[in-house]
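Below, each value reflects all heavy atoms present in this structure, side chains not excepted, and no hydrogens, waters or symmetry copies. Keep in mind it's a predicted model, so treat the numbers as computed, not measured.
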Amino acid sequence: MPELPEVETMRRGIAGVVGSQIVNVERTPCRLKPIRVSPQLSAFKRRTIGTTITEVSRVGKRVVVVLDSGDSIILEPRMTGLVLVADPPNEDHLRLRFYLRGGKSRELLFWDRRGLGSVHLVRPEEFAERYGLSTLGPDALTLTWQIMRERLRSSKREIKVALLDQGAIAGIGNLYASEILHLAKVHPELSCTEVTAAQWKRIHAATLEVLEAAIFHEGSTLSDGTYRNALNKEGGYQNHHRVYDREEEVCTQCGKGHIQRIVQAQRSTFFCARCQRLPRKRT
DNA sequence: CCCCAGTCCTGCGGGC
DNA sequence: TGCCCGCAGGACTGGG
């Protein structure tokens with residue numbers, strides 16, 4: 001499930017397309033329901049063919065391909081989407097192909113097994129409206145602990161649920177939220193309003209540490225094997241997971257507790273009740 | 001405004 | 001052996 005580290009790895013992996021010209025765009029033959037592309041493909045092609053890619057960036061969990069026309073292509077992987085400059089895992093789930101000229105790569109591919117992902121071409125005004133700071137929170141890698149606290153402290157939600165809110169902070173998803181809170185030693189069910197300054201500092205430091213380590217290892221490829229980098233290679237951070245998908249295993253942090261799985265907001269949370277304690281209720 | 005449950009999708013694994 | 005159902009969790013929508 002691509003979160004900030006996986007999407008950042010995709011971004012770095014396709015950085016070589018800068019300077020390439022888009023010569024064609026096509027939906028690939030696919031029996032499955034087509035993914036969402038906006039505007040519709042004829043207008044998408046009219047506005048992209050002939051343009052040159054000037055920059056590849058990232059906004060939250062989306063890859064942004066900037067064109068010399070000023071427009072941006074937003075590649076949104078959601079659950080199972082991949083952005084590739086190499087052969088895809090298979091042809092069955094290949095959704096969109098950009099033919100390129102003048103650079104190292106001849107193609108840029110969007111592959112998506114489940115098809116929840118999407119591709120959008122947006123003008124600068126629409127980019128600012130949909131992906132600017134008024135819609136999406138500051139990036140999890142670049143904010144300070146004070147800003148993190150400011151964005152979340154008044155929320156009535158549990159800290160783990162609030163960390164998933166892209167409008168508050170952009171980039172953290174279900175997997176890394178559990179990892180971050182375990183390293184920070186903060187209970188996932190703690191209400192944001194109860195988090196102390198010392199805990200905000202720990203959550204912030206853990207966010208940087210976990211996300212940067214995950215980027216270093218090029219993301220997490222889970223047992224379903226879906227996630228791949230832009231060259232269709234697996235990530236390595238799954239071998240460093242502290243809690244995610246490790247239910248009942250002994251906690252590596254305290255060596256005594258066992259990892260538990262609970263459900264918050266219909267999503268799995270993993271934690272160690274010995275490392276991550278709730279404050280004792282006053283009577 | 002804030003928050004939550006439901007929805008979109010496909011493939012996989014468990015139960016029978 | 002095959003079928004059905006539940007589950008995985010990104011972002012968005014409608015409703016309270």
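In this structure, the side chain of Gln264(A) does not engage the main chain of Glu158(A) through any donor-acceptor pair within 3.5 Å. With Thr193(A) contributing its side chain and Ser154(A) its backbone, the two residues share no donor-acceptor pair below 3.5 Å.
The side chain of Arg261(A) contributes an N or O atom lying less than 4.0 Å from OP1 or OP2 of dA8(C). Phosphate proximity of dG9(C) to Tyr176(A): absent, as no side-chain N or O sits under 4.0 Å from OP1 or OP2. Dashed line: the shortest gap from a side-chain N or O of Arg78(A) to OP1 or OP2 of dA11(C) is not under 4.0 Å. An OP1 or OP2 oxygen of dC9(B) is reached within less than 4.0 angstrom by no side-chain nitrogen or oxygen of His93(A). Between dC3(B) and Lys156(A), no contact under 4.0 Å exists linking OP1 or OP2 to a side-chain N or O.
With dG10(C), dC4(B), dA8(C) as the candidates, the nucleotide lying closest to the side chain of Leu116(A) is dG10(C). Comparing dT10(B), dC12(C), dA8(C) by their closest approach to the side chain of Arg62(A) singles out dC12(C).
Across dC9(B) and dC3(C), the matching P atoms stand 24 Å from one another, rounded to whole Å.
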Exercise for review: Evaluate the salt bridge (Lys or Arg N to Asp or Glu O under 4.0 Å) criterion for residues Arg97(A) and Glu107(A): first the C-alpha distance (whole Å), next the side-chain angles of each, then the deciding distance (0.1 Å), finally the verdict.
Suggested key: CA-CA 7 Å; Arg97(A) 185 194 305 270; Glu107(A) 297 176 340; 2.9 Å; yes

Point to revise | Worked check of side chain to side chain donor-acceptor pair (under 3.5 Å) between Thr135(A) and Arg130(A) | key: CA-CA 6 Å; Thr135(A) 312; Arg130(A) 289 176 60 180; over 6 Å; no

Practice item. Take Asn229(A) and Thr9(A) through the side chain to side chain donor-acceptor pair (under 3.5 Å) test and state the conclusion after the steps. Key: CA-CA 6 Å; Asn229(A) 69 13; Thr9(A) 303; over 6 Å; no

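Note that CD1 of Ile180(A) and NZ of Lys160(A) are 11.0 Å apart. Values are rounded to the nearest 0.5 Å. Atoms CD and CD, on Glu249(A) and Gln260(A) in that order, are 14.0 Å from each other to the nearest 0.5 Å.
Pairing of dG9(C), defined by two Watson-Crick or G-U wobble distances under 3.5 Å, is not identified with any nucleotide. Using the Watson-Crick or G-U wobble rule with both distances under 3.5 Å, dC9(B) pairs with nothing in any strand shown.
Computed from coordinates, the Arg36(A) CZ to dT13(C) C1' distance equals 12 Å when rounded to whole Å. Regarding Ile159(A), its CD1 atom lies at a distance of 16 Å from the C1' atom of dC3(B), rounded to whole Å. For the pair Glu158(A) CD and dC2(B) C1', the computed distance is 16 Å after rounding to whole Å. The separation between Asp112(A) atom CG and dC9(B) atom C1' is 9 Å, rounded to whole Å. Protein atom CZ of Arg113(A) is 13 Å distant from nucleotide atom C1' of dG10(C), rounded to whole Å. The nearest whole Å value for the distance from the CG atom in Leu163(A) to the P atom in dA11(C) is 14 Å. Look at CG on Leu136(A): it is 8 Å from P on dC12(C), rounded to the nearest Å. Between Glu247(A) atom CD and dA8(C) atom C1' there is a gap of 15 Å when expressed in whole angstrom units.
Residue Gly115(A) is classed as having no contact, given no heavy-atom separation below 4.0 Å to the nucleic acid. The residue Met1(A) sits close only to the backbone: its heavy atoms come under 4.0 Å of sugar-phosphate atoms, none of a base. When heavy atoms are screened at a 4.0 angstrom cut-off, Leu32(A) is found touching the sugar-phosphate backbone but no base atom. Among the atoms of the strands shown, none is found under 4.0 Å from any heavy atom of Arg130(A). When heavy atoms are screened at a 4.0 angstrom cut-off, Ser155(A) is found touching the sugar-phosphate backbone but no base atom. Gln266(A) comes within 4.0 angstrom of a nucleotide base, judged by non-hydrogen atoms across all strands. When heavy atoms are screened at a 4.0 angstrom cut-off, Ser268(A) is found touching the sugar-phosphate backbone but no base atom.
A donor-acceptor contact under 3.5 Å links the side chain of Arg267(A) to the base of dG10(C).
Mapping Arg114(A) and Tyr131(A) onto DNA chain C by nearest heavy atom places Arg114(A) at the nucleotide closer to the 5' end. Nearer to the 5' terminus of DNA chain B, by closest-nucleotide assignment, is the contact made by Asp165(A) (compared with the other of Arg95(A) and Asp165(A)).
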